[in-house]
Amino acid sequence: LHTAYRRQRQMCIRDRCSVDLTKRTIKNGKFYLIRTDSFYGVRALFNQSDGGLLLQCKNKEYPDEKISKSKTDSLEVLGYVYAWTNMDPW
């Protein structure tokens with residue numbers, strides 16, 4: 001399991017997700033656990049017509065990020081996120 005923290009409506013929500021590490025082929029709009037030089041976490045991925053990728057966060061407070069075709073080698077898709085659980089600690 002991968003655990004990520006995010007902020008929503010001024011409170012900290014704890015998300016847990018289950019990741020299938022055998023599924024790394026990108027299907028547009030699906031969520032994946034990814035790693036770049038400066039980021040490790042979950043994003044929805046979209047193939048772009050120019051060969052690049054669009055990374056979209058589940059939390060709309062974070063802007064979309066575009067990765068150019070020349071920089072896609074620096075992005076590692078670790079696996080497909082197939083389940084989410086939102087945890088609100090007591």
Side-chain angles (χ1 to χ4, degrees):
L1 292 177
H2 167 71
T3 303
Y5 294 92
R6 65 184 171 95
R7 295 196 63 80
Q8 182 179 19
R9 295 187 187 97
Q10 302 303 320
M11 56 189 296
C12 189
I13 304 287
R14 187 176 187 179
D15 285 352
R16 286 189 170 215
C17 57
S18 299
V19 178
D20 184 339
L21 300 176
T22 66
K23 294 183 179 172
R24 296 181 180 158
T25 302
I26 296 170
K27 293 186 178 183
N28 285 337
K30 301 293 185 185
F31 284 90
Y32 296 88
L33 177 62
I34 62 169
R35 179 173 41 211
T36 68
D37 295 335
S38 60
F39 177 77
Y40 174 80
V42 175
R43 292 290 185 265
L45 301 182
F46 297 87
N47 289 303
Q48 301 294 283
S49 60
D50 63 0
L53 286 172
L54 176 70
L55 284 60
Q56 192 174 70
C57 184
K58 186 177 173 187
N59 184 338
K60 297 301 178 190
E61 291 181 21
Y62 295 93
D64 294 349
E65 181 180 353
K66 292 184 180 181
I67 305 289
S68 66
K69 182 179 180 178
S70 63
K71 294 186 179 179
T72 56
D73 289 341
S74 68
L75 182 137
E76 184 179 4
V77 177
L78 301 174
Y80 166 68
V81 176
Y82 64 88
W84 286 92
T85 302
N86 291 329
M87 308 278 292
D88 186 5
W90 185 257

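Residues Val77 and Ile67 are members of one and the same hydrophobic cluster, defined by side-chain heavy-atom contacts under 4.5 angstrom among Ile, Leu, Val, Met, Phe, Trp and Tyr. Ile26 and Phe31 sit in two unconnected hydrophobic clusters of ILVMFWY residues. Membership requires side-chain heavy atoms under 4.5 Å apart, directly or through other members.
Using a 4.5 Å heavy-atom threshold, the side chains of Tyr40 and Glu76 count as separate. No side-chain heavy atom of Ile34 sits under 4.5 Å from any side-chain heavy atom of Val42. Counting heavy atoms from C-beta outward, Thr22 and Tyr80 have side chains that stay 4.5 Å or more apart. Put simply, the side chain of Leu55 reaches to within 4.5 Å of the side chain of Leu45, judged on heavy atoms. Proximity of Lys58 to Trp84: side-chain heavy atoms (C-beta onward) are separated by under 4.5 Å at one or more points.
In terms of heavy atoms, Gly29 sits closest to Ala44 at O-CB, 4.1 Å. Cys57 and Lys60 make their closest contact through O-NZ, 3.9 Å (heavy atoms, listed as atom of the first residue, atom of the second, distance). Smallest separation of non-hydrogen atoms from Cys17 and Val81: CB-CG1, 3.6 Å. Here the closest heavy-atom approach between residue Arg35 and residue Leu78 is recorded as NH2-CD2, 3.7 Å. The shortest non-hydrogen separation linking Asp64 to Gln56 is OD1-CG, 3.2 Å.
Atom-to-atom distance recorded for Asp20:CG and Tyr32:OH is 10.5 Å, nearest 0.5 angstrom. Atom CZ of Arg43 and atom OG1 of Thr36 lie 9.5 Å apart (nearest 0.5 Å). A distance of 12.0 Å separates CG in Leu53 from NZ in Lys66, rounded to the nearest 0.5 Å. Distance check, rounded to the nearest 0.5 Å: CZ of Phe46 to NZ of Lys30 gives 10.5 Å. The distance from the CG atom of Asn28 to the CG atom of Leu54 is 9.0 Å, given to the nearest 0.5 Å.
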